[in-house]
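What follows is one structure encoded as structure tokens, with my remarks underneath.
Excluded from the calculations below are hydrogen atoms, water molecules and symmetry mates; all remaining heavy atoms, backbone and side chain alike, are included.
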Amino acid sequence: MPIVIDVDVMLARRKMAVGTLAERVGITPANLAVLKNGRAKAVRFSTLDALCEALECQPGDLLRWEPEVAASAPAGA
């Protein structure tokens, strides 16, 4: 997916545990893991707001765009 969520980077910078962040944001540790592992298909603005408040950061500190790598063309094509 071209949008990458860097929650784990901010957690490390803030020296905060996943459980602590989940509690402050008001989501389950399992849902936070979905965000951390890049399996989320969407993020509510209210959740993004709560993450930014708890981590004292900007949305751009948590989200970045990476272009998708196109599949390699078959040999001889």
Side-chain angles (χ1 to χ4, degrees):
M1 175 184 275
I3 301 295
V4 178
I5 302 175
D6 287 325
V7 171
D8 53 345
V9 173
M10 292 306 297
L11 278 169
R13 287 183 184 167
R14 301 297 187 250
K15 297 182 172 99
M16 186 182 297
V18 173
T20 302
L21 180 60
E23 186 177 309
R24 289 183 184 179
V25 172
I27 62 175
T28 66
N31 283 339
L32 187 55
V34 168
L35 286 173
K36 279 184 46 175
N37 297 326
R39 295 189 317 260
K41 298 295 180 193
V43 179
R44 292 178 187 253
F45 280 148
S46 58
T47 302
L48 183 58
D49 176 54
L51 285 167
C52 289
E53 183 176 350
L55 293 168
E56 297 179 355
C57 67
Q58 295 295 312
D61 296 328
L62 297 174
L63 303 173
R64 63 186 160 88
W65 178 80
E66 286 187 358
E68 287 193 49
V69 178
S72 300

Listing, residues 42-60 side-chain donor-acceptor contacts under 3.5 Å, not counting sequence neighbours, or none:
none

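Among residues two or more places apart in sequence or in another chain, the side chain to side chain contact (heavy atoms under 4.5 Å, CB included) test is passed with P29 by A22.
Taking CG of N31 as the reference point, atom NZ of K36 lies at 13.5 Å (rounded to 0.5 Å).
Shortest non-hydrogen contact noted between L62 and M10 is CD2-CG, 3.4 Å. A40 and L35 make their closest contact through CB-CD2, 3.7 Å (heavy atoms, listed as atom of the first residue, atom of the second, distance).
Both L11 and I27 are part of a single hydrophobic cluster, where members link through side-chain heavy atoms under 4.5 Å apart. Follow the hydrophobic side-chain contacts under 4.5 Å out from V18 and you never reach V34; the two are in separate clusters.
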Worksheet entry | side chain to side chain contact (heavy atoms under 4.5 Å, CB included) evaluation trace for L63 with V4 | CA-CA 6 Å; L63 303 173; V4 178; over 6 Å; no
Item to complete: Could you walk me through whether L21 and L32 pass the side chain to side chain contact (heavy atoms under 4.5 Å, CB included) test, one step at a time?
Response: CA-CA 8 Å; L21 180 60; L32 187 55; 3.9 Å; yes
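Residue pairs meeting the salt bridge (charged side-chain N to carboxylate O under 4.0 Å, His left out) criterion with at least one partner in residues 6-23, sequence neighbours excluded, are D6-R64.
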